[in-house]
Amino acid sequence: MSRKRILATAVIAASLALTAACSGGTNAANESSGGGDTLRIASVATDRVGVEALIAEFKKSNPNVDVTTSFADTDQYQGTLRTQLASGTAPDVFFAWPGNGNPGAIEVLAPTGYIQDLSDRPWVKDIPDGIKPVTVVDDKTYVVPLTFAGIGALYNKQALADIGGTEPKTWSEMLTLCATAKSKGKALFALGNQTNWVTQLADYALAATLVYGKTPDFAQQMTDGKATFADSAWKTTLDQYLEMNKKGCFSANPLGTSIENAISQVASGKSVGMIHVTSGLNQLQSEAPSGTEFGMFAVPATDNAADTWLPGAAGGSYAVNAKTKNEDLALKFIDFLGTPAAINIYAKETGNLPGIPNDQFTADPALQPLVDAQKAGKTVPFMDQLWPNPKVQNVHFAAIQDMFSGKATPDQVLTRMDEAYKG
């Protein structure tokens with residue numbers, strides 16, 4: 001995989017319907033970006049707690065600044081953001097995805113002139129080489145990356161102990177653990193495939209090992225037209241995704257289960273865990289009874305534990321509206337986001353690692369597998385960030401839901417993804 005295209009972070013994720021929460025005033029959803037001392041910020045719902053913690057910290061030094069915020073589920077957020085950018089009513093500072101692959105990603109937004117070039121900001125020099133390529137478009141930096149996120153199995157430690165289980169290291173051990181959990185009246189993994197972005201998490205976790213770990217330059221091969229989804233180990237990935245479902249690894253009726261319900265299952269111990277983005281850790285912790293402990297393991301896909309890789313990518317990242325009427329205040333806030341103090345607050349509150357590492361951060365013990373994988377160089381990019389257009393991800397979402405409903409085979413899913421990849 002070319003260095004230009006390698007990345008080490010991203011996100012994916014969200015969970016609530018569109019809401020508007022005000023920190024000092026009015027509903028931000030329908031206002032144009034106005035001047036004065038009011039700053040408008042928008043983000044995905046899963047990162048709400050991180051954003052609110054940052055605003056509280058920012059206001060300690062800027063007490064006269066009013067901040068209005070809006071948060072939305074990923075799909076709603078992306079659609080609303082594009083509409084606002086096109087109409088000139090977008091927030092001053094907003095969540096944007098690194099790399100490519102969805103309508104809110106910088107490689108989609110930058111060419112339209114919607115986001116501001118941040119290349120001259122003081123924190124740019126500190127962005128790690130591993131994730132720098134997905135923060136730039138045509139050598140210009142467009143986002144400050146606050147987190148390094150992963151995808152793995154987040155689990156309730158007491159629930160795992162209740163079934164007499166231990167963390168699986170191989171594919172066979174994981175299938176055995178699925179059967180053990182089922183015999184004890186639990187599912188090993190809650191699965192909320194009713195929420196379309198959740199459909200990608202399990203196969204991303206498997207593909208990290210089966211596709212990208214075994215063929216490190218697979219994304220570049222796709223770019224060069226030398227590989228396809230259909231004629232690759234993506235087929236094995238989807239076959240194993242279905243096998244997990246058939247063998248009872250997942251909670252009942254995934255297509256009728258929302259992400260909110262899946263989180264509740266794990267928080268309460270009804271299901272042992274869930275394959276999720278690490279940013280979901282804070283949601284689990286906030287919903288679970290006091291004292292509940294969580295752990296994480298990389299999802300194994302072969303019977304050789306040494307094969308296992310973990311998806312890891314630049315997560316929560318923020319851009320500045322190129323047409324903001326509050327440029328000075330927006331840039332002041334974006335520079336605040338680039339400080340170690342702000343990065344550490346956001347990483348801690350969202351259950352991730354810092355996007356710009358520093359020696360002041362102590363990771364949640366539950367995230368140690370991600371820390372270890374990052375240090376060992378055994379993380380691979382979130383797959384969609386290396387796809388050339390948002391269509392591939394949207395087709396992927398719908399096709400996986402069709403696969404789970406019996407309307408599509410793995411071969412048909414991959415053929416549809418290949419067609420979308422070609423544009």
Side-chain angles (χ1 to χ4, degrees), residues 5 7-16 18 42-47 70-86 90-91 94-115 131 133-137 142-151 193 195-204 207 219 222-223 229 259 276-277 279-280 311-319 321 350 352 355 380-401 413 416-423:
R5 298 297 294 169
L7 71 90
T9 68
V11 172
I12 331 241
S15 60
L16 304 175
L18 179 60
S43 186
V44 290
T46 48
D47 284 27
S70 61
F71 303 92
D73 171 85
T74 298
D75 290 342
Q76 293 170 315
Y77 177 84
Q78 290 172 354
T80 300
L81 178 64
R82 290 304 299 263
T83 299
Q84 290 177 329
L85 287 168
F94 53 85
F95 186 105
W97 280 262
N100 206 337
N102 71 67
I106 62 169
E107 289 192 34
V108 177
L109 298 177
T112 62
Y114 286 146
I115 51 179
I131 65 173
V134 295
T135 67
V136 302
V137 179
Y142 286 98
V143 286
V144 53
L146 298 191
T147 64
F148 183 82
I151 297 173
N193 275 358
T195 304
N196 67 359
W197 64 264
V198 174
T199 58
Q200 69 196 324
L201 301 180
D203 62 0
Y204 278 19
M222 290 282 292
T223 299
F229 292 116
I259 181 59
H276 200 33
V277 185
S279 57
S317 300
Y318 287 82
N321 181 355
T350 60
N352 291 296
V380 300
F382 286 177
M383 292 73 198
D384 57 279
Q385 289 185 322
L386 301 181
W387 293 341
N389 62 67
K391 296 178 184 177
V392 187
Q393 188 185 66
N394 289 331
V395 166
H396 182 217
F397 291 162
I400 293 298
Q401 288 178 326
V413 169
R416 287 160 62 177
M417 290 172 63
D418 279 324
E419 291 171 354
Y421 190 95
K422 295 173 184 178

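Start at 1 with the first residue, then count along the sequence. All values reported here derive from a predicted model rather than from experimental measurement.
- Summarising the geometry of Gln78 relative to Pro103, their closest heavy-atom pair is OE1-CD, 3.4 Å, with the distance given to 0.1 Å.
- Remark: side-chain polar atoms of Thr147 are not paired, donor with acceptor, to backbone N or O of Asn352 under 3.5 angstrom.
- A 4.5 Å side-chain heavy-atom check between Gln200 and Ile151 finds every atom pair outside the cut-off.
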Dump the intermediate steps for side chain to side chain contact (heavy atoms under 4.5 Å, CB included) on Val413 and Ile400, then the final yes or no.
CA-CA 7 Å; Val413 169; Ile400 293 298; 4.2 Å; yes
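- Atom CE of residue Met417 and atom CD of residue Gln393 lie 9.5 Å apart, to the nearest 0.5 angstrom.
- Every residue meeting the side chain to side chain donor-acceptor pair (under 3.5 Å) condition with Tyr318, not counting sequence neighbours, appears here in chain and number order: Ser43, Tyr346.
- Using a 4.5 Å heavy-atom threshold, the side chains of Leu85 and Asn321 count as touching.
- Atoms CD and CD, on Glu107 and Gln385 in that order, are 9.5 Å from each other to the nearest 0.5 Å.
- The side-chain heavy atoms of Val44 and Trp97, taken from C-beta on, include a pair separated by under 4.5 Å.
- Proximity of Asn100 to Asn389: side-chain heavy atoms (C-beta onward) are nowhere separated by under 4.5 Å.
- Closest heavy-atom contact between Ser279 and Asp47: CB-OD1, 4.4 Å.
- The side-chain heavy atoms of Phe95 and Leu81, taken from C-beta on, include no pair separated by under 4.5 Å.
- Taking 4.5 Å as the limit, some side-chain heavy atom of Val277 sits within range of a side-chain heavy atom of Leu201.
- Under the 3.5 Å distance criterion, with hydrogens and angles disregarded, a donor-acceptor pair is assigned to the side chains of His396 and Asp203.
- Of the listed residues (Thr135, Leu146, Val143), just one forms a side-chain contact (heavy atoms from CB on, under 4.5 Å) with Ser317, and that residue is Val143.
- Here the CD1 atom belonging to Ile115 is positioned 6.0 Å from the CZ atom belonging to Phe94, to the nearest 0.5 angstrom.
- Gln401 is linked by a side-chain contact (heavy atoms from CB on, under 4.5 Å) to Asn196, Thr199, Leu255, counting only residues two or more places apart in sequence or in another chain.
- Between Val108 and Asn102 the shortest side-chain heavy-atom distance does not fall below 4.5 Å.
- Using a 4.5 Å cut-off on side-chain heavy atoms (C-beta onward), Leu109 and Tyr142 make no contact.
- Checked against salt bridge (charged side-chain N to carboxylate O under 4.0 Å, His left out), Arg82 has no partners two or more places apart in sequence or in another chain.
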Residue pair Phe397, Thr195: steps toward the side chain to side chain contact (heavy atoms under 4.5 Å, CB included) verdict
CA-CA 9 Å; Phe397 291 162; Thr195 304; over 6 Å; no
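- Qualifying side-chain contact (heavy atoms from CB on, under 4.5 Å) partners for Asp418, counting only residues two or more places apart in sequence or in other chains: Met222, Thr228, Phe229, Ala230.
- With hydrogens and angles disregarded, a donor-acceptor distance shorter than 3.5 Å links the side chain of Tyr421 to the backbone of Thr223.
- Expressed to the nearest 0.5 Å, how far CG of Asp75 lies from CG of Asn394 amounts to 7.5 Å.
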